[in-house]
Amino acid sequence: MDVTVSGRKMPVSDSLRDYAEDKIGGAVQQLDVNATACEIVLFREKNPTIKNAAVCEVTVLIPGHMARAQVREEEMFAAIDVAAAKIARQLRKFKTRIKDKRREKREDTLTTEKTAAKSEVPESDLDLDKLMAELSDDEVVRRKQIEYSPKTEDEALTDIDLLGHDFYVYTDRDSGEVHVLYRRHGGGYGLLTPAR
């Protein structure tokens, strides 16, 4: 696995580089997820009002997947420690999910009823009024183009965990429709699908 450490508008000392490689690279290698690359970007926020100005961004490439973590702390070494723990937790969850999927395939115990129940989201779980109330500003502050390939619901759940995002947009492999998977505040996930 190729581990790269770089600084964004700041020099990275040898001791900081070695610490990041050992702490984060070691955590990724220890989990043995067949990662091909690990990119670590370190930088400091210039705004003096920001308390946690030291930022550590980690991107781990796994064949077919990508895991990301961003951590802000007061000190850079602390940010690296927390980022290592965060990315390790995401990769451990990914590895467990992959093992569980393999076990399910071997045992072939999934029934169509379980699959249908798993993919259904009761309408009462989709509180659209609450979602609209959370939008405090009606200004678009960032635009981003995304590329998405057809995925199953399980693959989308894996990707949302690896990326650490609150939502994930994907094309359902079976129906060809666009679905939005989102993390619920009370725990669990919600799934938005087109009305028929």
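Side chains are part of it too, since the values below use all heavy atoms of this structure and drop only hydrogens, waters and symmetry mates.
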Quick check: closest heavy atoms across [X] and [Y], and the distance to 0.1 Å?
X	Y	result
Val82	Glu73	CG2-OE2, 3.8 Å
Gln90	Ala69	OE1-CB, 4.2 Å
Lys9	Lys46	O-NZ, 4.0 Å
Pro150	Arg173	O-NH2, 3.4 Å
Tyr170	Thr152	CE1-O, 4.2 Å
Cys38	Val58	SG-CG1, 4.1 Å

Quiz item: Where the side chain of Thr36 meets the backbone of Leu61, is there a donor-acceptor pair that is under 3.5 Å apart?
Solution: yes

Quiz item: When you measure from the side chain of Arg72 to the backbone N and O of Ala79, does any donor-acceptor pair fall under 3.5 Å?
Solution: no

[X]-[Y] co-clustered via ILVMFWY side chain contacts under 4.5 Å:
X	Y	value
Val12	Phe43	no
Met10	Val55	no
Val71	Val5	no
Val41	Val28	no

Quiz prompt | Side-chain donor-acceptor contact under 3.5 Å, Asp161 with Tyr168 | solution = no

Self-check item: Pair Thr49-Asn47, side-chain donor/acceptor within less than 3.5 Å
Solution: yes

Measuring from atom [atom1] of [X] to atom [atom2] of [Y], what distance do you get when rounded to the nearest 0.5 angstrom?
X	Y	atom1	atom2	value
Glu155	Leu181	CD	CG	12.5 Å
Asp166	Tyr182	CG	OH	12.0 Å
Leu157	Tyr189	CG	OH	6.5 Å
Arg89	Leu31	CZ	CG	12.0 Å
Leu91	His65	CG	NE2	11.5 Å
Leu191	Arg184	CG	CZ	12.0 Å

Close side-chain approach of [X] and [Y], heavy atoms under 4.5 Å:
X	Y	answer
Met66	Leu162	no
Ile24	Cys56	yes
Glu21	Tyr19	no
Arg92	Lys95	no
Ile80	Leu42	yes
Met76	Arg44	yes

Quiz item: Should we say atom CZ of Arg68 is surrounded by more than 12 heavy atoms from elsewhere, each under 6.0 Å from it?
Solution: no

Quiz item: Do other residues, nucleotides or ligands put more than 12 heavy atoms under 6.0 Å from Glu45 CD?
Solution: yes

Quiz item: How would you list, by chain and number, every residue that makes a salt bridge (Lys or Arg N to Asp or Glu O under 4.0 Å) with Glu57, sequence neighbours excluded?
Solution: Arg8

